[in-house]
Amino acid sequence: MLDPVTDPHLTADTLLHAYGAGLFPMARGRNSERIDWYCPDPRAVLPLDDGFRVRRSLAKRVRNAGFEFAFDRVFRDVIEQCARPRDDSSDTWISPGIVRVYDELYTRGYAHSVEAHRNGRLVGGLYGVSLGGAFFGESMFSREKDASQACLVKLVEHLRRRGYALLDTQFVNPHLEQFGIQTVPRVEYLRRLAEAIDLPVTWNDGVDEACG
């Protein structure tokens with residue numbers, strides 16, 4: 001069940017405050033200036049412990065498919081690819097205003113991307129927002145088989161290394177069910193969120209880092 005609050009004015013500071021309170025935005029359409037805020041109950045999360053499952057064929061592709069993985073190399077390209085309509089829909093919730101404000105969060109060090117490249121071409125990726133030990137996954141795209149899912153595997157590996165405690169995926173998605181997605185009541189999610197945000201962890205150490 002969704003609790004939308006309409007707000008046509010989206011800023012980076014508003015966005016950070018909202019994430020800390022358990023809210024996230026979606027535009028009403030690719031060309032809409034209207035933003036709705038949501039806090040689902042229950043909330044979908046991916047486990048960062050042994051509950052995160054990777055099928056054997058995907059693990060093999062992560063190792064052997066010839067992807068070059070990177071963090072934050074072409075963030076704007078990733079979010080713009082995610083903003084393109086899907087094959088099964090002519091619209092998207094990622095508007096120009098959404099792109100603009102997340103790009104600002106990237107510049108300020110809060111938004112991040114995980115990317116899969118092949119021969120210098122971006123073929124898959126995902127982006128989200130990091131606050132303390134919480135990462136809020138927003139969207140992902142793929143131009144080759146399993147490219148976005150491989151990026152998710154790399155994201156989880158990275159969050160584990162850095163000591164994150166929460167990976168929020170907002171809703172249950174059929175593409176994520178294979179990874180062991182869980183749903184938690186809103187009150188439990190907000191408790192876990194508060195604890196995660198207080199953790200003294202960061203996305204990186206302030207230096208460029210490649211996905212191994």
Side-chain angles (χ1 to χ4, degrees), residues 2 4-40 43-46 69-86 89 91-117 122-143 147-148 151-152 154-156 158-159 162 164 166-171 173 175-176 193 196-197 202-204 206 208-209 211:
L2 303 178
V5 180
T6 303
D7 184 354
H9 306 293
L10 184 65
T11 68
D13 288 334
T14 298
L15 195 59
L16 291 175
H17 177 77
Y19 274 115
L23 295 156
F24 59 87
M26 297 177 71
R28 292 191 175 181
R30 189 179 188 188
N31 298 313
S32 175
E33 296 181 358
R34 304 298 295 185
I35 300 295
D36 291 336
W37 295 93
Y38 297 95
C39 186
R43 189 71 162 249
V45 298
L46 277 175
F69 297 102
F71 297 131
D72 296 342
R73 184 180 297 175
V74 288
F75 177 88
R76 183 65 178 248
D77 291 344
V78 170
I79 191 171
E80 288 181 347
Q81 288 291 325
C82 289
R84 296 177 61 181
R86 311 289 173 163
S89 175
D91 204 359
T92 174
W93 57 268
I94 304 176
S95 65
I98 292 279
V99 172
R100 172 187 53 78
V101 76
Y102 280 86
D103 196 38
E104 181 180 343
L105 287 182
Y106 164 69
T107 301
R108 292 171 58 175
Y110 291 102
H112 302 281
S113 60
V114 183
E115 307 144 14
H117 302 260
L122 180 66
V123 296
L126 60 83
Y127 77 95
V129 174
S130 173
L131 285 178
F135 188 86
F136 310 88
E138 280 296 324
S139 188
M140 56 202 306
F141 82 96
S142 185
R143 298 288 173 257
S148 61
C151 287
L152 179 60
K154 287 297 181 180
L155 170 66
V156 170
H158 179 74
L159 298 181
R162 302 302 299 172
Y164 280 70
L166 181 66
L167 173 50
D168 172 31
T169 64
Q170 302 172 351
F171 303 110
N173 183 314
H175 297 292
L176 299 179
L193 172 63
I197 287 177
T202 58
W203 176 259
N204 59 30
D208 291 337
E209 184 176 356
C211 294

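For the numbers below, each heavy atom of this structure counts, side chains included, while hydrogens, waters and symmetry mates do not. Positions are given from 1, in the same order as the sequence printed here.
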| said: side chain to side chain contact (heavy atoms under 4.5 Å, CB included) for C82 and F141? Distances and angles first, verdict last. | reply: CA-CA 5 Å; C82 289; F141 82 96; 4.0 Å; yes
| request: Kindly determine whether V101 and T14 satisfy side chain to side chain contact (heavy atoms under 4.5 Å, CB included), including the steps that lead there. | output: CA-CA 10 Å; V101 76; T14 298; over 6 Å; no
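- Rounding to the nearest 0.5 Å gives a distance of 8.0 Å between CE of M140 and CG of N173.
- With sequence neighbours excluded, the residues satisfying salt bridge (charged side-chain N to carboxylate O under 4.0 Å, His left out) with D13 are R108.
- When every heavy atom of R100 is checked against every heavy atom of L10, the shortest pair comes out as NH2-O, 3.3 Å.
- Y164 has its side chain out of reach of V156: every pair of non-hydrogen atoms, C-beta onward, lies at least 4.5 Å apart.
- At distances below 3.5 Å, at least one donor-acceptor pair connects side-chain atoms of E115 with backbone N or O atoms of V74.
- Residues F136 and F24 keep their aromatic ring centres 6.0 Å or farther apart.
- Applying ring pair (Phe, Tyr, Trp, His ring centres under 6.0 Å) to F71 and the options Y127, Y106, W203 leaves one that passes, W203.
- Across all non-hydrogen atoms, the minimal contact from T202 to N204 is OG1-O, 2.7 Å.
- In this structure, CG on L16 lies 8.5 Å from OG1 on T11, to the nearest 0.5 angstrom.
- The two residues A27 and S32 come nearest to each other via the heavy atoms CB-O, 4.3 Å.
- Checked by atom type and distance alone, the side chain of D168 never pairs as donor or acceptor with a backbone atom of V45 at under 3.5 Å.
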| said: Run L15 and Y102 through side chain to side chain contact (heavy atoms under 4.5 Å, CB included) and show every step you take. | reply: CA-CA 9 Å; L15 195 59; Y102 280 86; 3.6 Å; yes
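- Panel note: side chain T92, backbone R84; no donor-acceptor pair is recorded below 3.5 Å.
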| field | Stepwise side chain to side chain contact (heavy atoms under 4.5 Å, CB included) test for R73 and H117 | value | CA-CA 10 Å; R73 184 180 297 175; H117 302 260; 4.2 Å; yes
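- Counting all heavy atoms, side chain and backbone alike, I94 lies closest to R30 at O-CG, 3.9 Å.
- Rounding to the nearest 0.5 Å places CG of L131 at 12.0 Å from NE2 of H17.
- Within the model, atoms OG of S113 and CD of E138 stand 13.5 Å from one another, a figure rounded to the nearest 0.5 Å.
- G124 and A147 make their closest contact through CA-CB, 3.9 Å (heavy atoms, listed as atom of the first residue, atom of the second, distance).
- Without hydrogens or angle criteria, R43 side chain to G22 main chain gives a donor-acceptor distance under 3.5 Å.
- Of all heavy-atom pairs spanning D72 and A111, the tightest one is OD1-O, 4.4 Å.
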